[in-house]
Amino acid sequence: MLLNLCTTPLVAITAFLFAFCDFEIFPLPYPAITHKLVDVPEEKIPGPSLPLEGTLARNNILREHAVANLFAEQVHGSESVAIGPTETSVTLLDRFGYLWVADRASLGSQEGYLLRKEPETYIGPGRPLGFKYNAASGHLIVCDSLKGLLSVETGFKRFHILANRVSLNSAIDPGSIITYANDLDIASDGKVFFSDSLNISTALNRENYYDSFWSFLLSLVTGYCSGRLLSYDPATEETHVIANGFWSSNGVALSSDESFVAVAETNCFAIRRVWLKGPKAGTVDTLVESLPGFPDGLSRGSDGNFWIAIVGLRSPVVPLLKYKLFRFLLAWTPSAIRPKVPDPGLVIKVSPQGEILASLWDPTGERVRGISAVEEHMGRLWLGNLKGSGVSYLDLTHQQSR
Ligand SMILES: *[C@@H]1O[C@H](CO)[C@@H](O)[C@H](O)[C@H]1NC(C)=O
């Protein structure tokens with residue numbers, strides 16, 4: 001019987017891996033080939049999800065009311081939406097690095113948006129993720145997972161790199177490379193807080209764009225808690241690490257009094273608070289955890305509460321992530337048969353004290369799915385779309401929150 005089993009090579013290899021290896025000698029797929037699998041610290045292993053009831057109960061708000069897939073023909077994979085360069089326009093950055101602007105216009109009897117015919121500029125190659133206008137300077141500040149933190153000048157004529165590595169006088173990780181700039185917020189003094197999610201670079205994929213998903217998945221697989229929160233100070237042009245040890249740091253949003261920065265820790269299904277001011281300054285605590293899915297973009301709403309974009313729901317295999325063997329097999333499983341992450345449309349609103357106030361759903365993802373960022377402006381909630389085409393919005397008059 002035992003002999004019989006061993007003749008099945010797959011079973012034999014699996015048994016061998018299980019019994020003898022700590023996965024030090026087996027390579028992971030490109031670009032994580034030189035990285036190793038490590039144990040995930042106990043406190044990072046996610047507990048069960050909050051129940052989908054009360055303010056988290058499924059509803060049809062996005063499904064029924066969202067204006068979906070605008071510009072889907074032209075704009076592919078705009079992770080975020082930035083309000084600007086005017087009050088009535090929005091800026092999008094696609095996965096190839098083209099920058100697009102759409103202006104509010106009246107289309108017949110209805111109000112809508114018209115995409116300008118040509119992209120305004122090109123900031124590739126790279127993978128723009130989070131971006132936002134600096135209200136004071138008018139520059140568009142961009143997190144590019146390949147190039148670092150960028151600034152695109154007013155009029156889009158030029159862009160330059162603000163930071164692609166940490167300053168030498170940073171107390172933490174001086175001189176280290178910024179491998180995966182992801183999302184940002186800008187303080188009233190112009191300081192930029194941004195996440196560097198993980199230390200595995202974004203790689204070019206077969207469709208010829210830099211795919212941030214694959215290296216994200218590999219960070220989940222390695223168990224590396226290499227995510228950081230950085231600050232860039234325009235006065236000194238220095239970049240410092242202000243918090244580290246995140247299992248993929250993602251969305252970033254300042255509180256309205258700028259006393260803390262909320263940071264999504266994607267693989268832990270949690271939002272942390274990195275305190276800047278007050279008695280807790282310099283410490284990190286938890287704003288909300290046990291979220292039902294992977295938090296991606298984060299922003300502050302007009303009322304001072306936070307909007308969380310949930311890019312995918314938990315899949316049943318989440319509890320297995322604590323096993324190295326499972327993570328190793330996941331890394332080498334072809335994408336066609338990899339366990340699917342359900343990606344309905346979901347946005348969650350949470351107070352600065354961590355109370356869940358509302359959720360907006362498209363439960364089947366029929367109209368909006370896999371929301372990667374959320375940006376509120378004048379009663380309208382813009383929704384980014386990392387994987388698919390086009391972007392969406394919701395007028396908040398439809399929101400049935402308390
Ligand atoms: C990436 O981060 C992990 C965990 O923090 C660390 O062990 C590893 O050495 C880092 N790798 C590189 C290339 O920086």
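These numbers come from the heavy atoms of this one structure, side chains and all, not from hydrogens, waters or symmetry mates.
Here CD1 of I178 is found 13.0 Å from CG of N199. Values are rounded to the nearest 0.5 Å. Note that the CG atom of L184 and the CD1 atom of I141 stand 7.5 Å from one another [nearest 0.5 Å]. To the nearest 0.5 Å, atom CG of residue L150 and atom CG of residue L93 are 9.0 Å apart. In this structure, CG on L321 lies 14.5 Å from NZ on K44, to the nearest 0.5 angstrom. Of the inter-residue distances, the one linking N244 atom CG with S249 atom OG reads 9.5 Å to the nearest 0.5 angstrom. Between M378 atom CE and E87 atom CD the span is 6.0 Å, to the nearest 0.5 Å.
Sorted by first and then second residue, the ring pair (Phe, Tyr, Trp, His ring centres under 6.0 Å) pairs with a member in residues 171-202 form an empty list; sequence neighbours excluded. Sorted by first and then second residue, the salt bridge (charged side-chain N to carboxylate O under 4.0 Å, His left out) pairs with a member in residues 384-393 read D343-K387; sequence neighbours excluded. Every pair passing side chain to side chain donor-acceptor pair (under 3.5 Å) that includes a residue from residues 282-303 is listed here, sequence neighbours excluded: N250-D296, R272-T286, R273-D285, W275-D285, K280-D285, S302-E376, D303-N305, D303-K349. Note on residues 74-84: pairs passing side chain to side chain donor-acceptor pair (under 3.5 Å), not counting sequence neighbours, are H76-S389. For residues 211-242, the ring pair (Phe, Tyr, Trp, His ring centres under 6.0 Å) pairs, not counting sequence neighbours, are H35-Y224.
Residues meeting the salt bridge (Lys or Arg N to Asp or Glu O under 4.0 Å) test with R63, sequence neighbours left out: E366.
By the 4.5 Å heavy-atom criterion applied to side chains, V350 and I271 are not counted as neighbours. By the 4.5 Å heavy-atom criterion applied to side chains, V221 and L28 are counted as neighbours. Residues L62 and L383 meet the side-chain proximity criterion, which asks for heavy atoms closer than 4.5 Å. Within the 4.5 Å cutoff, no side-chain heavy atoms of L357 are placed close to those of T55. Contact check for N267 versus F294: side-chain heavy atoms found under the 4.5 Å cut-off. You'll find the side chain of W382 reaches within 4.5 Å of the side chain of L70, heavy atoms only. Put simply, the side chain of E73 does not reach to within 4.5 Å of the side chain of L115, judged on heavy atoms. Using a 4.5 Å cut-off on side-chain heavy atoms (C-beta onward), V391 and Y113 make no contact.
A tilted orientation is assigned to the rings of Y98 and Y122, their planes being inclined by 30° to 60°.
Atom CD of Q110 sits in a sparse spot, with 12 or fewer heavy atoms from other residues, nucleotides or ligands closer than 6.0 Å. More than 12 heavy atoms of other shown residues, nucleotides or ligands fall within 6.0 angstrom of atom NZ in K340. Heavy-atom neighbours of I177 CD1 from other residues, nucleotides or ligands within 6.0 Å: at or below the threshold of 12.
When each of S197, S195, S212 is tested with N182 by the rule side-chain hydrogen bond (donor to acceptor under 3.5 Å, both in side chains), just one qualifies, namely S197. For the side chain to side chain contact (heavy atoms under 4.5 Å, CB included) with L99, the lone residue among L140, D94, L92 that qualifies is L140. The only member of V192, V142, N164 that meets side chain to side chain contact (heavy atoms under 4.5 Å, CB included) when paired with L149 is V192.
Under a 3.5 Å cut-off, the side chain of S167 and the backbone N or O of E238 do not form any donor-acceptor pair. In this structure, the side chain of N60 does not engage the main chain of P363 through any donor-acceptor pair within 3.5 Å. Listed for the D183 side chain is no donor-acceptor partner under 3.5 Å among the backbone atoms of G297. When atom types are taken as modelled, the side chain of R367 and the backbone of A66 share a donor-acceptor pair closer than 3.5 angstrom. Between the R338 side chain and the A331 main chain, no donor and acceptor come within less than 3.5 Å of each other. Proximity of a side-chain donor or acceptor of T88 to a complementary backbone N or O of R104 within less than 3.5 Å is not detected. Remark: side-chain polar atoms of K322 are not paired, donor with acceptor, to backbone N or O of P46 under 3.5 angstrom. A donor-acceptor contact shorter than 3.5 Å links the side chain of R327 to the backbone of T222. The backbone N or O of P295 lies less than 3.5 Å from a partner atom in the side chain of T266, making a donor-acceptor pair. S372 places no side-chain N or O within 3.5 Å of a backbone atom of V311 that could act as its donor or acceptor partner.
Under a 4.0 Å N-O distance rule, the pair R116/D103 qualifies as a salt bridge.
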For side-chain contact (heavy atoms from CB on, under 4.5 Å), just list the numbers for Y210 and L204, CA-CA rounded to whole Å, side-chain angles, deciding distance to a tenth of an Å, and then say yes or no. CA-CA 4 Å; Y210 286 88; L204 196 63; 3.6 Å; yes

Criterion side chain to side chain donor-acceptor pair (under 3.5 Å) on S248 and S219, from CA distance to verdict: CA-CA 7 Å; S248 194; S219 93; 4.6 Å; no

So Y133 and T91, side-chain contact (heavy atoms from CB on, under 4.5 Å) or not? Walk me through it. CA-CA 9 Å; Y133 281 94; T91 297; 2.7 Å; yes

Give the intermediate values and the outcome of side-chain contact (heavy atoms from CB on, under 4.5 Å) for residues V261 and D185. CA-CA 9 Å; V261 188; D185 200 0; 5.9 Å; no

Could you walk me through whether L386 and R127 pass the side-chain contact (heavy atoms from CB on, under 4.5 Å) test, one step at a time? CA-CA 10 Å; L386 173 75; R127 184 54 169 113; 3.3 Å; yes

Test side chain to side chain donor-acceptor pair (under 3.5 Å) applied to D257 and S259, step by step: CA-CA 5 Å; D257 62 357; S259 62; 2.8 Å; yes

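Across all their heavy atoms, S170 and T239 have their closest contact at CB-O, 4.1 Å. What you find for I242 and S231 is that their closest heavy atoms are CG2-OG, 3.9 Å. The two residues S359 and L346 make their nearest non-hydrogen contact at CB-CD1, 4.1 Å. Of all non-hydrogen atoms in G112 and L107, the two that sit nearest each other are CA-CD1, 3.8 Å. Here the closest heavy-atom approach between residue F246 and residue L229 is recorded as CE1-N, 4.0 Å. When all heavy atoms of P352 and G304 are compared, the closest pair comes out as CG-O, 3.5 Å.
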